[in-house]
Number of protein chains: 2
Amino acid sequence: MKATLLLHTALRHFAQHGYEGASLQEIAQDVGIKKPSIYAHYRGKDELFLSAMTYALDTQKIHLATYFISTRHLSLEQSLKGFFDWFLEESTQNDQLKFILRIAYFPPVKLEREVTDLINPFFDSLHRHLTRLLRERDRTEQLLFSDDYASAALAYLTVTEGTMTEFVYNGVEAYQRRFTAVWPIFWRGLVR
Amino acid sequence: MKATLLLHTALRHFAQHGYEGASLQEIAQDVGIKKPSIYAHYRGKDELFLSAMTYALDTQKIHLATYFISTRHLSLEQSLKGFFDWFLEESTQNDQLKFILRIAYFPPVKLEREVTDLINPFFDSLHRHLTRLLRERDRTEQLLFSDDYASAALAYLTVTEGTMTEFVYNGVEAYQRRFTAVWPIFWRGLVR
DNA sequence: GTTCACCTTCCTAACGGTCGTTAGTTAACA
DNA sequence: TGTTAACTAACGACCGTTAGGAAGGTGAAC
């Protein structure tokens, strides 16, 4: 019980302050235990950080897959557009995606290798999911301009990340302003 | 002489390790002075950080303006495309843009206010520059799909940031892969 | 059914190290 | 002569971490 609370609290702190900026003292205080008690659960700060990371990646991987399955009956445009709303909802509930985006861009230097080895498969899998989605939908809907689905997926990822990082820092309004600005252009460029 | 070297070194360290992760000890060592000598130039870490920040913002503001002026004779597409190459060249020379992107997304919590107050005008100015560029070029070339130039500029900014953050973390190859994926789609969506 | 050993999870106390910072001094220079 | 920029020494605070012990629960042996 305290163990999962500890993991969630640590994740929130790491997302907010980064690896170096997060303090075990403050994490423990938030959980309601003393600092050394953390060591009953984890070998140290590094292991706590990497545990929070694998946890975030695993659960978000599942959530992402669930989303794309749940939109099977929707049109391609609705699926791709809805992903932005889904991200927003997901991010207001917890800090997992913020945490992932933060350490993906700016990992702690001393854990760079471990972070990369965990993050890259995550984005690769996301990229594959999107590529497959585009290919399968295009087979039935036949509306994409190009059949280079991998590139289209990468472009889509670029746009989403550009928009989502905006949310992480500047909040909902700036996020939605960006989305309404970029989506019509992107979609027009995507279809024939 | 040592003063500007100190500023540049600090900027590099802040860009690489973030505010909390950067150490005055290591910065001083890189410069070739002792840690307390920093206090002959700055009141403390905060002032050093904010000085590096204003310096980076000011010089990049000028560089950006210079770029867009220097491409006046080029077509709109060449101007907008060339901006990516310019960014790449600029970023390999120094860490100023990396520094700006990092603190824009993940500022040190205790300096959040000061960072926001400096960063926002920077991006606003960039946005205004782009909006004006689009409007002026469209008057002569008349090829944009919509005359909502502010939205087009914001969309362009989103795409560039999504691509550039990719460079900051994953290097040149990933950056160029993204650019070649996203640019044709974006441009097709932008023009009529 | 009681006892005893064991493990988990928390605690207090304290460790060495690094952090940013200050005081006081010295050498060079205008 | 005063100012600037460097130095050495040392400060208190906080960092992550370790040692050692107390409380509680679990399960096997008697």
Side-chain angles (χ1 to χ4, degrees), chain A residues 1-56 99 102-103 106-115 118, chain B residues 1-56 99 102-103 106-115 118:
Chain A
M1 185 88 340
K2 279 276 175 63
T4 68
L5 180 60
L6 174 56
L7 196 69
H8 283 86
T9 308
L11 197 149
R12 207 177 63 243
H13 279 248
F14 284 132
Q16 241 145 33
H17 304 93
Y19 175 83
E20 293 91 352
S23 136
L24 294 186
Q25 158 86 3
E26 290 179 14
I27 292 173
Q29 194 170 310
D30 253 29
V31 175
I33 59 176
K34 301 297 175 185
K35 183 172 56 161
S37 305
I38 294 177
Y39 288 77
H41 302 273
Y42 300 95
R43 286 182 176 280
K45 195 182 188 181
D46 290 9
E47 197 184 288
L48 178 58
F49 178 82
L50 292 174
S51 295
M53 183 169 165
T54 43
Y55 170 73
F99 176 67
R102 172 162 208 158
I103 61 175
F106 306 110
V109 181
K110 59 174 290 200
L111 296 177
E112 199 164 3
R113 169 87 65 84
E114 290 87 338
V115 168
L118 288 170
Chain B
M1 184 87 341
K2 278 279 176 59
T4 67
L5 180 60
L6 173 57
L7 195 69
H8 284 85
T9 308
L11 197 149
R12 208 178 61 242
H13 277 249
F14 284 133
Q16 241 145 34
H17 304 94
Y19 175 83
E20 292 92 352
S23 138
L24 294 186
Q25 159 85 2
E26 291 178 14
I27 293 173
Q29 194 170 308
D30 253 28
V31 175
I33 59 176
K34 302 297 177 186
K35 182 171 58 162
S37 304
I38 295 177
Y39 289 77
H41 301 272
Y42 301 94
R43 286 182 176 281
K45 193 182 188 180
D46 291 9
E47 197 183 288
L48 178 57
F49 177 82
L50 292 174
S51 294
M53 183 168 162
T54 43
Y55 170 73
F99 176 67
R102 172 163 207 157
I103 62 176
F106 305 110
V109 180
K110 60 174 291 199
L111 295 177
E112 199 165 1
R113 168 88 67 82
E114 290 88 338
V115 168
L118 288 170

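Since this is a predicted model, take the numbers as computed values, not measurements.
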For DNA chain C, which nucleotides open and close the run of contacts to chain B, 5' to 3', at under 4.0 angstrom from a non-hydrogen atom?
-> C:dC19 to C:dT22

Identify all pairs in which a protein N or O lies below 3.5 Å from an N or O of nucleotides 20-25 of chain D, and state each distance.
none

B:Ala3 or A:Lys110, whichever maps to the more 5' nucleotide of DNA chain D = B:Ala3

Considering non-hydrogen atoms only, spot the tightest contact between B:Pro107 and B:Val115 and give its length.
-> CB-CG1, 3.7 Å

Can you tell if the side chain of A:Val109 reaches within under 4.5 Å of the side chain of B:His17, non-hydrogen atoms only?
-> yes

Sorted by number, residues from residues 10-31 of chain A placing a heavy atom under 4.0 Å from DNA chain D are A:Ala22, A:Ser23, A:Leu24, A:Gln25

Among pairs that include at least one residue of residues 15-36 of chain A, which meet salt bridge (Lys or Arg N to Asp or Glu O under 4.0 Å), considering only residues two or more places apart or in two chains?
-> A:Arg12-A:Asp30

Taken to the nearest 0.5 Å, the spacing of A:Ile27 CD1 from A:His8 NE2 works out to 14.0 Å

A:Tyr42 and A:Leu7, any side-chain heavy atoms less than 4.5 Å apart | yes

Using the ring pair (Phe, Tyr, Trp, His ring centres under 6.0 Å) rule, pick out the option among A:Phe49, A:Tyr19, A:Phe106 that qualifies with A:Phe99.
-> A:Phe49

Residue pairs passing the salt bridge (Lys or Arg N to Asp or Glu O under 4.0 Å) test where at least one lies in residues 36-48 of chain A, sequence neighbours excluded = A:Arg43-A:Glu47, A:Asp46-A:Lys110

Assert: residue with more 5' nearest nucleotide on DNA chain D, out of A:Asp46 and B:Ala40, is B:Ala40

Contact class for A:Lys35 (heavy atom, under 4.0 Å): base, sugar-phosphate, or nothing?
-> base

Could you grab the distance from atom CD of A:Glu114 to atom OG1 of A:Thr54, nearest 0.5 Å is fine?
-> 12.0 Å

Does some side-chain heavy atom of B:Phe14 sit less than 4.5 Å from a side-chain heavy atom of B:Ile103?
-> no

Point-to-point distance, once rounded to the nearest 0.5 Å, from CG of A:Leu24 to OG of A:Ser37 = 11.5 Å

Over all atoms of both residues, closest heavy-atom pair of A:Leu11 and A:Ala52 | CD1-O, 3.7 Å

Can you find a side chain N or O atom of B:His41 that sits less than 4.0 Å from OP1 or OP2 on D:dT4?
-> no

Could you work out which one of D:dA9, D:dT17, D:dA6 sits closest to the side chain of A:Lys45?
-> D:dT17

Contacts to DNA chain C from residues 47-56 of chain A, heavy-atom cutoff under 4.0 Å, which residues?
-> none

